[in-house]
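Chain letters run A, B, ... following the sequence lines, proteins first, then strands; residues in each count from 1.
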Amino acid sequence: MLDIQFIRDNPKLVAEKSKQKGYKVDIEKLLDSDKQRQELLSNLMDHQRARNDLTKSSKGQRPSDDQIKKGQVLRETITKEEEKLRKIDQEFTTQLASVPNMPLDDVPVGASEAENKVIKTWGEPREFDFAVKSDAELGEARDMIDKTRAAKVSAARFTYLKGGLVELEFAITQWVLKTLGDERLIERLITQNNLSLVAKAFVPVLPPAVANTATYMATGRLNGEDETYKLADDDLWLNASAEHILAPMYLEEILPEDQLPIRYVGFTTAFRREAGSYGKDTEGIFRMHQFDKLEMEVFSAPETGLDEHRLLVAIQEHLVQQLGLPYQLLLKCTADIGKPNARGIDINTWMPAQKQYRETHTADFIADYQARRMKTRLRRQDGGIELVHTNDATAFAMGRIIKAIMENYQTHDGHIIIPDVLRPFMSGKTEI
RNA sequence: GGAGAGGUGGCCGAGCGGUUUAAGGCGCACGCUUGGAAAGCGUGUGGAGUCGAAAGGCUCUCGCAGGUUCGAAUCCUGUCCUCUCCGCCA
């Protein structure tokens, strides 16, 4: 959610930047609701004060008939006003929540993901002297990916992942936890990128896989039942990313300044309905309804929010580089960064079978947009209260990174060489 | 799933229809005291909104949401959560 004061002061800017992100918002209508709400609130306060005065004036004695009558009138007025306020407040909040976060100045203006800007290319795609196979072909040939039986048992876009690929996933997980837990590495990345941050390791978290509606809404990430799975008999949604469960952790809390930044790396199974992607990426494990994900989440003071974002991107690059996978770094354009984002970076990793870079990572700088609705704040040393900044970023989304490793590290006879950094976590095994 | 108990300020804990503008204690901050500290004494001590240049005022906030009443932390209804016991279970 944006600060209403900011919208009051900059209605034109907000309308324009919202449009750049592809959101049509009626700022006039919002400001009108805002004004109505203010007036109603002020009237209500006056009447509440009158009621308090009346009660106090009777000093615990039984009030006179006249006072009772006055009180009854006041109560009726207050009840009516409260009812009205509730209605207008709901409208106001809905309208306010529909306004997207403002993109930072360096975010390119664009109408679709096609206008994302490649700002860096790392690594050389490998030359193959044999016919390159896709993750689907490699996995099915060795019976490590079985989507046919998964479809029979559950539905399309689910899979049984088996054998070496499972070992690979657990190796990646352990390696990431170890890497992000390494304070010296974090410090090195901070120094290399000239960031004003403290070196503090990431704490691993296994979060709940479901969130209730109110909480999920507060993250600004709940887009309805066409994208997220809702449990039929409970007020609960299956998370679409660990971030959605980690971000609201400090809902309505005030964190002491010296406790920040808080850096988490969460591991969770993510569920996505993928509505609107029918027929897209149906092959292999690139786009699944269910996949495991390692996700970084950072809570920080506002002045370090952007640097935390940069750190997360540096970590992402480090991780992909360590795996030796060629990638491109994209500065996402206004249309693609997402509603709560102020800025967004994608890493697209080289997928040899498709001869394309495909999205494997995202880093989202949210600034205070989530924190405002979640009421996650910090208390300064001097006692001041401010909203925190939140950042989230993919460490690895399993289906996609496993696909990338499979395809980039395949041999002519359908084996998969294991990247060096993962071998210690696979009992020294060199290939699958 | 069944039965019971309970959710009050940073924490503990009183209050169970009106002198509560939430007692008291702990903690914390500042001051006095001291060579310095402890103890002692004094003062202050959450959040949101709103008016104001500020000082400060006002409204809301006793899990949450409704209701009863001139008046609700207190009574009623619903709901969520926690704990205990039982049941089931990895």
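Nucleotides G42(B) and U33(B) have their C1' atoms positioned 11 Å apart, rounded to a whole Å. Distance noted for atom P between C51(B) and G2(B): 49 Å (whole Å). Nucleotides U82(B) and G31(B), compared at atom P, are 44 Å apart to the nearest Å. The gap from the C1' atom of C12(B) to that of G7(B) amounts to 14 Å, rounded to the nearest Å. The same atom, P, is picked in G18(B) and in G71(B); the two are 14 Å apart, to the nearest Å. To the nearest whole angstrom, the two C1' atoms, one in U74(B) and one in U8(B), are 11 Å apart. Look at the C1' atom in both A38(B) and G47(B): the space between them is 35 Å, to the nearest Å. A distance of about 23 Å separates the P atoms of U34(B) and G27(B), rounded to the whole Å.
Salt bridge E407(A)/K133(A): absent, no basic N to carboxylate O contact under 4.0 Å. Taking the charged nitrogens against the carboxylate oxygens, K200(A) and E183(A) have no contact shorter than 4.0 Å, which rules out a salt bridge. Ion pairing of D46(A) with R49(A) is present here, as a side-chain N (NZ or NE/NH1/NH2) and a carboxylate O approach within less than 4.0 Å. In summary, R400(A) and E169(A) do not engage in a salt bridge, as defined by a charged side-chain N under 4.0 Å from a carboxylate O.
Remark: U33(B) base-pairs with no nucleotide; criterion is Watson-Crick or G-U wobble with both hydrogen-bond distances under 3.5 Å. If you check A48(B) for Watson-Crick or wobble pairing at under 3.5 angstrom, you find it paired to U59(B). The nucleotide G18(B) finds its pairing partner in C70(B), both defining distances of the Watson-Crick or G-U wobble pair being shorter than 3.5 Å. Nucleotide A53(B) is matched to nothing when pairs are restricted to Watson-Crick or G-U wobble geometry with both distances under 3.5 angstrom. In this structure, U84(B) forms a base pair with A3(B), meeting either the Watson-Crick or the G-U wobble geometry with both donor-acceptor distances under 3.5 Å. Pair assignment for C64(B): G78(B), on the basis of Watson-Crick or G-U wobble contacts that are both within less than 3.5 Å. Across all strands shown, the partner of G24(B) is C12(B), judged by Watson-Crick or G-U wobble contacts whose two distances both fall under 3.5 Å.
OP1 and OP2 of C70(B) both lie 4.0 Å or more from every side-chain N or O belonging to Q67(A). Remark: R379(A) is not in phosphate contact with G10(B), judged by side-chain N or O atoms under 4.0 Å from OP1 or OP2.
When the options D3(A), I7(A), D34(A) are evaluated for a side-chain contact (heavy atoms from CB on, under 4.5 Å) with L96(A), the one that passes is I7(A). Only one option out of I315(A), N391(A), D392(A), T394(A) pairs with M296(A) in a side-chain contact (heavy atoms from CB on, under 4.5 Å); it is I315(A).
Comparing I4(A) and T79(A), the nucleotide of RNA chain B nearest to each residue sits closer to the 5' end for I4(A). Each of A50(A) and Q38(A) was matched to the nucleotide of RNA chain B holding its nearest heavy atom; the match closer to the 5' end belongs to Q38(A).
In this structure, CD of E76(A) is placed 14 Å from P of G67(B), rounded to the nearest angstrom. Nucleotide U50(B) holds its P atom 11 Å from the CG atom of D89(A), rounded to whole Å. Spacing between atom CG of D46(A) and atom P of C51(B) amounts to 12 Å, rounded to whole angstrom units. In this structure, E253(A) places its CD atom 12 Å from P of G10(B), rounding to the nearest Å. Protein atom CD1 of I254(A) is 10 Å distant from nucleotide atom C1' of G10(B), rounded to whole Å. Taking atom CG of N52(A) as the reference point, atom P of A22(B) lies 11 Å away to the nearest angstrom. Rounding to whole angstrom units, CG of residue L236(A) and C1' of C81(B) are separated by 13 Å. For the pair R86(A) CZ and G49(B) C1', the computed distance is 17 Å after rounding to whole Å.
Using a 4.0 Å heavy-atom criterion, one finds that L44(A) contacts no nucleic acid atom at all. L74(A) comes within 4.0 angstrom of no nucleic acid atom, judged by non-hydrogen atoms across all strands.
Closest approach to the R75(A) side chain among A48(B), C70(B), G46(B) is made by C70(B) (side chain taken as heavy atoms from C-beta onward). For T55(A), the side-chain atoms get nearest to G18(B) when compared with the rest of G49(B), G18(B), G47(B). In this structure, of U59(B), U50(B), C70(B), it is U59(B) that holds the atom nearest to the side chain of Q48(A). For R51(A), whose side chain is taken as the heavy atoms from C-beta onward, the closest listed nucleotide among C70(B), C60(B), G47(B) is C60(B). Checked against U59(B), G66(B), G49(B), the side chain of R49(A) finds its nearest nucleotide in U59(B).
Residues I405(A) and I418(A) are not in side-chain contact: their nearest non-hydrogen atoms beyond the backbone lie 4.5 Å or more apart.
More than 12 heavy atoms of other residues, nucleotides or ligands sit less than 6.0 Å from atom CD of Q192(A).
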